[in-house]
2 protein chains.
Amino acid sequence: MKTLIREKRIEMDMTQEELSKKLKVSRQTIISLEKGKYKPSLILAHKLAQTFNCAIEELFIFEGDENIE
Amino acid sequence: MKTLIREKRIEMDMTQEELSKKLKVSRQTIISLEKGKYKPSLILAHKLAQTFNCAIEELFIFEGDENIE
DNA sequence: TAAAATTGTAAAGCCAACTTGACATACAAA
DNA sequence: TTTGTATGTCAAGTTGGCTTTACAATTTTA
């Protein structure tokens with residue numbers, strides 16, 4: 001899975017800390033998400049998409065067996 | 001969070017077991033999701049939405065503090 | 001009504017999402 | 001050089017998504 005979190009955050013001129021406070025998660029969570037260390041919960045994915053005014057499926061790009069076959 | 005999984009599954013004339021096999025999860029997982037016992041992972045939410053030909057945000061309805069404030 | 005199909009409950013276990021905290025690196029400005 | 005801001009690593013702990021197994025209840029169909 002790829003994510004455009006970093007790109008969209010920078011587009012909106014936000015720091016990791018600002019984003020983390022807006023979403024009420026730790027800054028470490030933002031770092032890890034941007035680095036692809038793990039995948040967000042559905043709720044967090046939704047809040048991220050809301051923040052960036054886009055659909056979840058625009059913010060996260062699913063690949064291979066993350067799609068149905 | 002509310003979900004339309006059950007409604008969409010029945011619309012498509014699928015049993016819980018058929019759906020679980022298509023998504024490669026346990027039937028118990030489908031039961032628990034339909035009953036609202038827990039929230040799916042992002043990947044599973046995506047596969048469900050794909051199965052039902054809709055966006056994640058159409059299949060799951062976020063409420064209250066599941067939205068940004 | 002009896003059999004079969006579908007849906008449901010309960011419980012124990014694994015692993016990943018997320019947290020907290022402490023510290024490191026890089027860069028810009030004073 | 002020193003200070004401040006932004007980003008990063010590491011590690012240990014908690015929680016909850018999902019699994020498996022076994023069995024019970026409900027609905028459908030013959």
Side-chain angles (χ1 to χ4, degrees):
Chain A
M1 195 186 77
K2 287 185 179 172
T3 180
L4 301 178
I5 296 174
R6 168 160 293 177
E7 289 85 338
K8 301 249 184 193
R9 173 176 64 79
I10 289 170
E11 258 180 44
M12 295 199 69
D13 213 34
M14 295 178 81
T15 68
Q16 291 177 337
E17 192 163 17
E18 283 168 346
L19 183 55
S20 72
K21 280 181 181 161
K22 177 155 193 168
L23 302 182
K24 293 175 184 163
V25 295
S26 68
R27 188 172 60 87
Q28 179 60 37
T29 294
I30 303 298
I31 292 173
S32 299
L33 290 175
E34 287 189 355
K35 293 250 143 188
K37 270 202 161 190
Y38 58 73
K39 299 162 187 180
S41 69
L42 180 55
I43 302 297
L44 184 48
H46 169 66
K47 286 183 181 173
L48 281 160
Q50 265 193 320
T51 298
F52 300 137
N53 288 310
C54 67
I56 290 177
E57 321 256 6
E58 273 181 73
L59 188 52
F60 301 96
I61 291 139
F62 301 96
E63 301 166 315
D65 64 350
E66 292 168 348
N67 291 300
I68 53 177
E69 291 140 24
Chain B
M1 195 186 78
K2 287 186 180 171
T3 180
L4 302 177
I5 295 175
R6 167 160 293 177
E7 289 84 337
K8 300 248 183 195
R9 172 176 65 77
I10 289 170
E11 258 181 44
M12 295 199 69
D13 214 34
M14 297 177 80
T15 68
Q16 291 178 336
E17 192 164 16
E18 284 168 345
L19 183 56
S20 73
K21 280 180 181 160
K22 176 154 194 168
L23 302 181
K24 294 176 183 162
V25 295
S26 68
R27 187 172 61 87
Q28 179 58 40
T29 294
I30 303 298
I31 293 173
S32 299
L33 290 176
E34 287 189 354
K35 292 249 142 187
K37 270 203 159 190
Y38 56 67
K39 299 161 187 183
S41 69
L42 180 53
I43 301 296
L44 184 49
H46 168 65
K47 287 183 181 174
L48 281 160
Q50 265 193 318
T51 297
F52 301 137
N53 289 310
C54 68
I56 291 178
E57 320 257 8
E58 273 182 74
L59 188 52
F60 301 96
I61 291 137
F62 302 96
E63 302 165 315
D65 64 351
E66 292 167 347
N67 292 300
I68 53 177
E69 291 139 22

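- Using a 4.5 Å cut-off on side-chain heavy atoms (C-beta onward), B/E18 and B/M12 make no contact.
- Nearest to the side-chain atoms of A/Q16 among the listed nucleotides D/dG8, D/dC18, C/dC18 stands D/dG8.
- Candidate nucleotides C/dA17, C/dG8, D/dC18 were compared by shortest atom distance to the side chain of B/K35, and C/dG8 ranks first.
- Side-chain contact between B/R6 and B/Q16: present, with at least one pair of heavy atoms (C-beta onward) separated by less than 4.5 Å.
- To the nearest 0.5 Å, atoms CG (A/L42) and NE2 (B/H46) are separated by 12.5 Å.
- Taking a 4.0 Å limit (strictly below) on heavy-atom distances, residues 52-69 of chain B does not reach DNA chain D anywhere.
- Atom CD1 in A/I30 sits roughly 13 Å away from atom P in C/dT20 (whole-Å rounding).
- For a distance-only test at 3.5 Å, the side chain of A/R27 fails to qualify as a donor-acceptor partner of the base of C/dG21.
- With rounding to whole Å, B/L42 atom CG is found 16 Å from C/dA16 atom P.
- Following rounding to the nearest Å, A/Q28 (CD) and C/dA17 (P) show an atom-to-atom distance of 13 Å.
- Between B/R6 atom CZ and D/dT27 atom P the separation is 11 Å, expressed in whole Å.
- When heavy atoms are screened at a 4.0 angstrom cut-off, A/T15 is found touching the sugar-phosphate backbone but no base atom.
- Between the side chain of A/R9 and the backbone N or O of A/M14, at least one donor-acceptor pair lies under 3.5 Å.
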Please test B/I43 against A/D65 for side-chain contact (heavy atoms from CB on, under 4.5 Å), starting from the C-alpha separation and ending with a verdict.
CA-CA 9 Å; B/I43 301 296; A/D65 64 350; over 6 Å; no
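- Ranked by how close their nearest DNA chain C nucleotide is to the 5' end, B/K37 and B/I10 are led by B/I10.
- Of the candidate nucleotides D/dG8, C/dC18, C/dT20, C/dT20 has the atom lying nearest to any side-chain atom of A/S26.
- Ranking D/dG8, C/dC18, D/dG17 by closeness to the A/Y38 side chain, first place goes to C/dC18.
- Scanning both residues, A/I5 and A/L59, for their nearest heavy atoms gives N-CD1, 3.9 Å.
- Put simply, CD1 on A/I43 is 21 Å from P on C/dA16, counting in whole angstrom units.
- Looking at residues 17-24 of chain A, you'll see that no heavy atom sits under 4.0 Å from any atom of DNA chain D.
- Rounded to a whole Å, the CG atom of B/L33 is 9 Å from the P atom of D/dG17.
- A heavy-atom distance below 4.5 Å is not found between the side chains of A/T3 and A/L33.
- Checking C/dG8, C/dA17, D/dG17 against every side-chain atom of B/K39, the shortest atom distance belongs to D/dG17.
- Between B/L19 and B/V25, the closest side-chain pair of non-hydrogen atoms is not below 4.5 Å.
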Between A/K24 and B/E69, does the salt bridge (charged side-chain N to carboxylate O under 4.0 Å, His left out) criterion hold? Intermediate values first, please.
CA-CA 10 Å; A/K24 293 175 184 163; B/E69 291 139 22; 2.6 Å; yes
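- In this entry the distance linking NE2 of B/H46 with P of D/dG17 reads 20 Å, nearest Å.
- For B/D13 and C/dA5, the CG to P distance is 16 Å, given to the nearest whole Å.
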Which atom pairs, donor and acceptor, lie under 3.5 Å between side-chain atoms of residues 49-56 of chain A and protein residues at least two apart or in another chain?
residue	atom	partner	partner atom	Å
A/Q50	OE1	B/I68	N	3.0
A/Q50	NE2	B/N67	OD1	3.1
A/T51	OG1	A/K47	O	2.8

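- In this structure, A/R9 reaches the D/dT7 phosphate: one of its side-chain N or O atoms is under 4.0 Å from OP1 or OP2.
- A close approach under 4.0 Å does occur between a side-chain nitrogen or oxygen of A/S41 and OP1 or OP2 of C/dC18.
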